[in-house]
There are 4 protein chains.
Amino acid sequence: MGAVKSKRLPRAVREQQMMDAAVQTFGQRGYRAASMDEIAELAGVSKPLVYLYLNSKEELFTSCIQREAKALVAAVRSGVEPGLPADRQLWAGLRAFFTHTAENPDGWAVLHRQARTHGEPFATEVMAMRDEIVAFVTGLIGAAAREAHHDPALPDRDVSGLAQALVGAAESLAGWANDTPGVSAKEAAATLMNFSWAGLENLMHGRPWAPRAQVAARV
Amino acid sequence: MGAVKSKRLPRAVREQQMMDAAVQTFGQRGYRAASMDEIAELAGVSKPLVYLYLNSKEELFTSCIQREAKALVAAVRSGVEPGLPADRQLWAGLRAFFTHTAENPDGWAVLHRQARTHGEPFATEVMAMRDEIVAFVTGLIGAAAREAHHDPALPDRDVSGLAQALVGAAESLAGWANDTPGVSAKEAAATLMNFSWAGLENLMHGRPWAPRAQVAARV
Amino acid sequence: MGAVKSKRLPRAVREQQMMDAAVQTFGQRGYRAASMDEIAELAGVSKPLVYLYLNSKEELFTSCIQREAKALVAAVRSGVEPGLPADRQLWAGLRAFFTHTAENPDGWAVLHRQARTHGEPFATEVMAMRDEIVAFVTGLIGAAAREAHHDPALPDRDVSGLAQALVGAAESLAGWANDTPGVSAKEAAATLMNFSWAGLENLMHGRPWAPRAQVAARV
Amino acid sequence: MGAVKSKRLPRAVREQQMMDAAVQTFGQRGYRAASMDEIAELAGVSKPLVYLYLNSKEELFTSCIQREAKALVAAVRSGVEPGLPADRQLWAGLRAFFTHTAENPDGWAVLHRQARTHGEPFATEVMAMRDEIVAFVTGLIGAAAREAHHDPALPDRDVSGLAQALVGAAESLAGWANDTPGVSAKEAAATLMNFSWAGLENLMHGRPWAPRAQVAARV
DNA sequence: TATGAATGAGCTTTCATTCAT
DNA sequence: TATGAATGAAAGCTCATTCAT
């Protein structure tokens with residue numbers, strides 16, 4: 001009793017099962033170490049069916065990357081309210097980000113660890129998504145700088161570097177939160193806000209850290 | 001005549017040639033995609049010699065990780081003067097870090113991208129090094145907090161999270177600096193100091209960022 | 001409306017569609033390289049239907065060979081008038097042969113190239129047809145020999161060899177005519193008559209070619 | 001006792017063994033049906049060694065074609081004395097041809113049946129050889145026509161068609177001789193000379209066969 | 001110290017064929 | 001009559017690893 005062995009399912013269902021199995025396997029083993037045999041077995045189908053529907057290992061991996069990237073971006077997007085001030089938007093976005101990565105560790109591993117590790121054509125796929133997020137963060141920093149009436153604006157490359165730093169910190173904390181028992185998405189987000197926002201605000205108000213300025217800055 | 005094809009070199013020299021070839025190949029192709037054939041050819045020796053000296057692909061990769069980790073830690077260490085204030089130490093450490101990663105892109109790829117991607121036993125190796133750096137940063141933050149007479153100290157887990165964020169930001173900026181023409185190690189370090197130090201200082205003085213700012217901001 | 005996608009056709013029609021597709025695919029790709037998928041798609045039906053009607057790839061190929069062999073023999077037969085002298089019959093048969101192979105290049109490829117290449121049980125099928133044609137030619141040669149009052153008759157094995165030579169020459173010329181633009185069936189037939197008939201006649205009158213001509217020629 | 005299992009042979013020797021096994025297997029089974037496993041086993045080595053030395057199935061097959069084509073052309077060439085009259089040269093060439101095909105049935109099968117059946121890039125390889133032989137025969141026919149003081153010369157395309165016919169007849173007779181017990185190379189060559197030379201001579205002297213001319217011609 | 005010769009095991013991919021409707 | 005869903009079996013190819021010298 002129960003669906004001991006589900007058979008003759010419609011194609012769309014089978015494809016989802018295969019993609020789920022593929023994300024899990026790729027995320028845990030890596031692209032090269034994952035075998036199509038293992039993916040097929042985990043999906044509960046034969047290997048030829050995987051090829052019939054998903055064409056090749058490379059295409060399958062690419063599909064996984066695209067699906068997970070889309071899901072992650074959608075999760076972050078839906079967590080953010082565009083009208084709010086920049087720090088509130090960032091806060092909401094980070095919470096959505098850490099929540100999603102915590103709930104989809106294999107998908108996150110595919111995007112963050114595997115796709116970027118295995119060169120073309122995969123790195124390109126995931127870079128597109130990362131750039132989208134970097135651009136979002138860049139926009140927030142720029143908006144905040146304008147709100148702060150900072151004039152002249154920060155140079156583009158500075159903003160770009162800051163966004164890279166923020167996104168990198170987020171990626172690192174996602175791994176930390178997933179690997180450290182008891183760290184919630186909210187806590188990770190708070191840590192990152194604490195870490196980053198004061199620095200960003202100082203910059204926006206034209207008070208960069210400087211090697212020799214340290215004593216004066218403390219006054 | 002002439003050392004067109006050098007032969008019968010002492011073991012230590014041969015091992016270095018092999019390790020160099022291995023780091024380059026692993027860094028560019030990845031652990032699984034790199035073949036022992038390619039490494040042996042790049043090293044200019046026969047495959048059995050690689051096995052004679054380095055025993056197996058797994059051990060060879062582990063040796064690469066250890067060598068590159070040691071080199072990176074040494075580079076950062078040698079850039080820091082223990083007596084200085086915490087932010088100066090951090091500034092010096094970051095400069096050394098970005099300089100080293102820029103000068104050793106393959107070694108950095110092995111540590112950052114490949115080793116962490118391919119599970120045990122490699123992740124353990126590189127985690128040991130990462131933890132060492134995190135501990136160094138943690139120490140700096142703690143020292144700074146004590147200098148700031150902040151009491152009670154930040155909880156350990158907070159400090160740990162902050163260190164993870166800082167290291168992640170550094171890793172991300174290392175990639176950004178390596179991939180963006182014209183970004184120097186010094187600039188990457190300055191970006192990260194600007195990004196992080198103010199936030200860290202605020203925390204040390206017990207002034208965390210908090211979401212309540214939103215109400216005021218809306219007025 | 002309109003028979004855009006014809007469905008539920010009578011069996012005989014469907015079978016012809018499948019055989020047409022199979023002959024085309026086998027002729028162009030070869031027996032092994034042709035896939036049942038491709039044949040089914042070209043025929044506009046699903047694969048199970050092909051199996052329902054034609055049972056297996058092997059049987060399908062055999063059916064193709066038989067259909068094409070029958071068609072070729074019928075074409076040659078219908079071109080010949082039994083009452084005429086032997087050379088006129090041969091002339092008519094060759095014209096019919098070259099006309100048919102030019103009009104059915106895929107069918108001819110199946111018979112000449114593919115069937116004989118892929119061993120049992122296919123070679124047997126096509127050999128039966130080839131033997132039928134050889135027998136026809138053998139009969140003509142024998143009849144001509146009797147007309148010429150040549151006695152004793154040529155030994156059977158000699159006649160058989162001559163027929164083999166003639167058929168081989170015809171096969172070669174069929175390829176030549178198909179591949180050389182502007183060569184008509186009539187021209188190919190004339191070339192072969194010119195090439196062969198004088199030799200055959202000489203043999204029938206007991207005047208074989210002999211190597212001894214060489215001494216005289218050197219004078 | 002005896003070389004039960006020969007091991008560690010030099011590369012050149014192993015390569016010959018592999019090529020021999022490949023020619024045999026390809027000749028008997030066909031390109032697609034022959035498996036690398038079978039070839040390796042027949043050669044007495046493991047599959048990876050075949051790949052190490054011969055690179056791929058396609059390259060292996062191409063190598064076989066080239067080796068056999070070179071051998072066949074060399075055999076025919078070495079059988080012919082350039083100074084002799086055309087019919088003597090043809091006679092010698094045919095004897096060499098039938099002798100070689102009888103002694104190398106698998107090589108002949110590779111050239112005649114398999115290579116031409118399996119499309120590009122194989123057909124091109126063997127066509128180059130066939131064209132070389134056709135050119136040789138074409139040269140002989142042309143030379144004979146000039147010896148016969150025939151003026152004006154036969155049109156090029158006629159000569160070309162005749163050569164195709166002669167070569168096709170030879171190919172067919174090679175198969176016949178190989179498959180019919182007791183037919184010697186000399187006998188096959190004689191059959192073909194008898195079949196072809198009278199027709200060729202008539203043509204060279206301007207006496208083609210013509211459909212209506214048959215009665216007059218017999219006078 | 002150093003290498004040419006060799007392989008077991010495993011991978012991705014394809015294909016003829018069948019099941020259930 | 002007709003097909004979407006599914007697979008067992010095998011093929012080409014690669015790779016880490018070892019043997020014999």
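Because the structure is a prediction, the values reported are computed rather than measured. Note: hydrogens, waters and symmetry copies are ignored here, and every other heavy atom, side chains too, is used.
A donor-acceptor contact closer than 3.5 angstrom is absent between the side chains of C/S63 and C/E59. Checked by atom type, the side-chain pair C/T62/C/E58 shows no donor-acceptor distance below 3.5 Å. For the residue pair B/Q16 and B/R11, no side-chain donor N or O sits within less than 3.5 Å of a side-chain acceptor on the partner.
Each of B/P48 and A/M36 has a nearest nucleotide on DNA chain E; the 5'-most of these lies closest to B/P48. Mapping B/S56 and D/S56 onto DNA chain F via the closest heavy atom, the residue that lands nearer the 5' end is D/S56. DNA chain E is contacted by both C/A33 and B/R32; B/R32 maps to the nucleotide lying nearer its 5′ end (nearest heavy atom per residue).
Under the 4.0 Å criterion applied to side-chain N and carboxylate O atoms, A/R29 and A/E38 are assigned as salt-bridge partners.
Spacing between atom CG of D/L9 and atom P of F/dT21 amounts to 12 Å, rounded to whole angstrom units. Between the CG atom of A/L54 and the P atom of F/dA6 there is a distance of 13 Å, rounded to whole Å. Atom P of nucleotide E/dT17 and atom CG of C/D37 are separated by 12 Å, given to the nearest angstrom. Per the geometry, CG belonging to C/L52 stands 14 Å off C1' belonging to E/dA20, to the nearest Å. Following rounding to the nearest Å, A/R29 (CZ) and E/dC11 (C1') show an atom-to-atom distance of 15 Å. Here E/dC15 presents its P atom at 16 Å from CG of A/L49, a figure rounded to the nearest Å.
Contacts of C/R11 with the nucleic acid, taken as non-hydrogen atoms under 4.0 Å apart, are absent. In this structure, B/A34 reaches the sugar-phosphate backbone alone: every heavy-atom distance under 4.0 Å involves primed, P, OP1 or OP2 atoms, never a base. B/A40 comes within 4.0 angstrom of nothing in the nucleic acid, heavy atoms only.
Shown here, F/dA20 forms a base pair with E/dT3; the pair counts as Watson-Crick or G-U wobble because both key distances fall under 3.5 Å.
Taking only side-chain atoms of A/R8, from C-beta outward, the nucleotide of E/dT17, E/dC19, F/dT17 with the closest atom is E/dC19. The side chain of B/Y53 lies closest to E/dT1, out of E/dT1, F/dT14, E/dA16.
Judged by distance alone with a 3.5 Å cut-off, a donor-acceptor contact links the side chain of B/K47 to the base of F/dT17.
For an aromatic pair to be called close, the ring centres must be under 6.0 Å apart, and D/H118 with C/H118 satisfies this.
Close to F/dT14, at under 4.0 Å from its OP1 or OP2, lies no side-chain N or O of D/Y51.
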